[in-house]
Amino acid sequence: MDTIDREIQAPNSGRKHGGWVTFPFITGAVLGLGLAGTGWMANLIIYLIQQFNVNAIDAAQVSNIVNGGSSLFPIVGAIIADSFLGCFSVISLFSSISLLGTVFIALTATLNSLRPTPCNGELGSFCKDPSWVQFLVLYAGIALASMGLGGTRFTLVTMGANQFDNPQHQGIFFNWYFISQYAASAVGATALVYIEDNLSWGLGFGLTVAANLLALLIFLLGNRFYLHDKPQGSPFLDIVRVMVAAFRKRNFSLSPMADDYYNPIAVEGAPPNKAFRFLNRASLKAEGDINTDGSGTIAKPWRLCSVQQVEDLKTLVRILPLWSSSIFLATPIAIQNSLTVLQALNMDRHLGQHLKIPAGSILVIEIVGCAIFLTLIDRFLWLTWQNLTGKSPSPLQRIGVGHVLNVLAMAVSALVESKRLKMVHHHDRDQSQPRSSMLALWLVPQLSLVGIGEAFHYPGQVSLYYQEFPASLRSTATAMVALIIGIAFYLGTAIIDFVRRVTSWLPDNINNGRLDNVYWMLTVVGMLNFGYYLACSRSYKYQNVEKRVDADTNYTYG
């Protein structure tokens, strides 16, 4: 703690603010926004089914699309933060957008005119579809809330990490960010969902509005303590320039001499790395590329780039295969999350005689499992690993453990669903009955395994991208995990739609289907993807070795 105290009292040269004094404000925003987002998103499937007369599978598909959207918008927020506004302005803006969206959602729950007439009879008979106005208000609220939640989620990570120069402290912050995020999600998926299911949808959604507003106020109160980053223009434009310049000089011969390449920041001069040599032509100097006024600046920016710009693009190319392997790590999780809620709806959710678990709260098991293991990993597992091996596990090793646990979770999901269907077929002869006698607690093992896996692979991915990405793309680096999740939800939606079209595994009543076959399919996909990940990780070489070593040892200081 002495080193942490020193960072608060005597920041590094050139730093006017930042350090651990900013931690309560950023964490308060994470907690409030996480509570607000989970409060409406965790119970969205049930809300659509019960209050807007949407059938079960369609409601699950809508939930996947919404989750995908909220996971894609971090990339939008990150690009705006890196290129134009900076993290503080982006977080303030998108928090306000999220607040407006949650207000719209709360209005649909409190004003009868914004909801359709409830269904009469059983199994959705005599159901009236919502009007276009009712759908407009609902989906406008969902869109705004998703956009706002996504725009802040990983920009907060970057802003928090930017408050520290020490990679050890950055690593500690990453862990505490995920612990805070999962803690807020756990409260939202239990307390708020319980209020929505048993007391009032309007009250529950009203509390999400209050949580969002409180998060925004806490974040703004810390403004005078923050170290504000200054955007340097779009780094993506530099990436495009490198590709264009390399193509325009495709017929030039590469030189072994460092002086033949444009490298304005080099102390002794160094040629570009030999990997992806065709890109090196972008930094190869030619007649007319540099101003002749003695400034040494680039005269033709679409024909000449610096060595650093070329190396930045190479870094992205190197890490792309690893990043792509995480898409099919997250896709089974996305599919499982939506289908597990439908399983819970068709199972006995009673604990004792009086307490009944809301179906939307069943996913809190995954959240709690992840939060607990994040703490155990931080305090015990990495210490034990270091004592046994003499070094801390690398980000790639942590991600690999997550792959294995994810495959096991899908296999367990298939076994549990097989048992549930057998009980339905043998004991619940009336297939029209909405739920079986099997306890929903049977879903605990599969959700726990997914949560424990996330405790390994999500922080591992954030650490890897933050370390390895160019400094100009720090916000984008942390948002790459969100992009993976967003693609996974949309890909999961497409896979479910494909399975519905070509098989009979997913009818509206899952008691008549073969959801277990879907889980077995995801198990096979996960195993194949793990093989792809191993191939990618073995061929990958860390670019920032010193940072990696420092960051990997942060768990011994946590």
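One-based numbering along the sequence shown.
No donor-acceptor pair under 3.5 Å is formed between the side chain of Asn212 and the backbone N or O of Thr208. With hydrogens and angles ignored, the 3.5 Å screen pairs no side-chain donor or acceptor of Gln309 with any backbone N or O of Cys305. With Gln397 contributing its side chain and Ser394 its backbone, the two residues share a donor-acceptor pair below 3.5 Å.
The ring-ring contact (aromatic ring centres under 6.0 Å, His included) check on Phe219 picks up Phe88, Tyr226, with sequence neighbours excluded. The side chain to side chain donor-acceptor pair (under 3.5 Å) check on Tyr533 picks up nothing, with sequence neighbours excluded. Checked against side chain to side chain contact (heavy atoms under 4.5 Å, CB included), Ser185 has the following partners two or more places apart in sequence or in another chain: Thr38, Gln181, Ile367. For Tyr532, there are no ring-ring contact (aromatic ring centres under 6.0 Å, His included) partners two or more places apart in sequence or in a different chain. Among residues two or more places apart in sequence or in another chain, the ring-ring contact (aromatic ring centres under 6.0 Å, His included) test is passed with Phe25 by Phe225. Scored by the side chain to side chain donor-acceptor pair (under 3.5 Å) test, Thr108 finds Tyr47 as partners (sequence neighbours excluded). Residues that satisfy the side chain to side chain donor-acceptor pair (under 3.5 Å) test with Asn43, not counting sequence neighbours, are Glu196, Asp197. In this structure Phe276 satisfies the side chain to side chain contact (heavy atoms under 4.5 Å, CB included) test together with Phe278, Leu279, Lys314, Val317, Arg318, sequence neighbours excluded. Residues passing the side chain to side chain donor-acceptor pair (under 3.5 Å) test with Ser326, sequence neighbours excluded: Gln461. For the side chain to side chain contact (heavy atoms under 4.5 Å, CB included) test, residues two or more places apart in sequence or in another chain that qualify with Ile65 are Tyr490, Thr493. Remark: Phe328 pairs with no residue by the ring-ring contact (aromatic ring centres under 6.0 Å, His included) rule, at least two apart or across chains. Scanning for salt bridge (Lys or Arg N to Asp or Glu O under 4.0 Å) contacts around Arg241 gives Asp238, with sequence neighbours left out.
For the pair Phe104 and Gly141, the tightest heavy-atom approach, listed with the atom from each and the gap, is CB-CA, 3.5 Å. Counting all heavy atoms, side chain and backbone alike, Ala455 lies closest to Leu374 at O-CD2, 3.6 Å. The two residues Leu192 and Gly39 come nearest to each other via the heavy atoms CD1-CA, 3.7 Å. In terms of heavy atoms, Ser146 sits closest to Val66 at OG-CG1, 3.3 Å. Scanning all heavy atoms of the two residues, the minimum distance from Gly460 to Pro395 falls at O-CB, 3.5 Å. Of all heavy-atom pairs spanning Leu33 and Leu149, the tightest one is O-CD1, 3.7 Å.
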- Before giving the answer on side-chain hydrogen bond (donor to acceptor under 3.5 Å, both in side chains), spell out for Gln308 and Tyr262 the whole-Å C-alpha distance, their side-chain angles and the decisive distance to 0.1 Å. CA-CA 9 Å; Gln308 185 60 52; Tyr262 183 67; over 6 Å; no

- Message: Please determine whether ring-ring contact (aromatic ring centres under 6.0 Å, His included) holds for the pair Trp20 and Phe23, giving the CA-CA distance in whole Å, both sets of side-chain angles, and the decisive distance to 0.1 Å.
- Response: CA-CA 5 Å; Trp20 287 99; Phe23 181 78; 5.4 Å; yes

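The line from OH of Tyr458 to CZ of Arg398 is 15.5 Å long, rounded to the nearest 0.5 Å.
A donor-acceptor contact under 3.5 angstrom links the side chains of Gln467 and Ser463, judged on distance only.
Annotation: side chain of Leu216 is in contact with side chain of Ser96 (closest heavy-atom distance under 4.5 Å).
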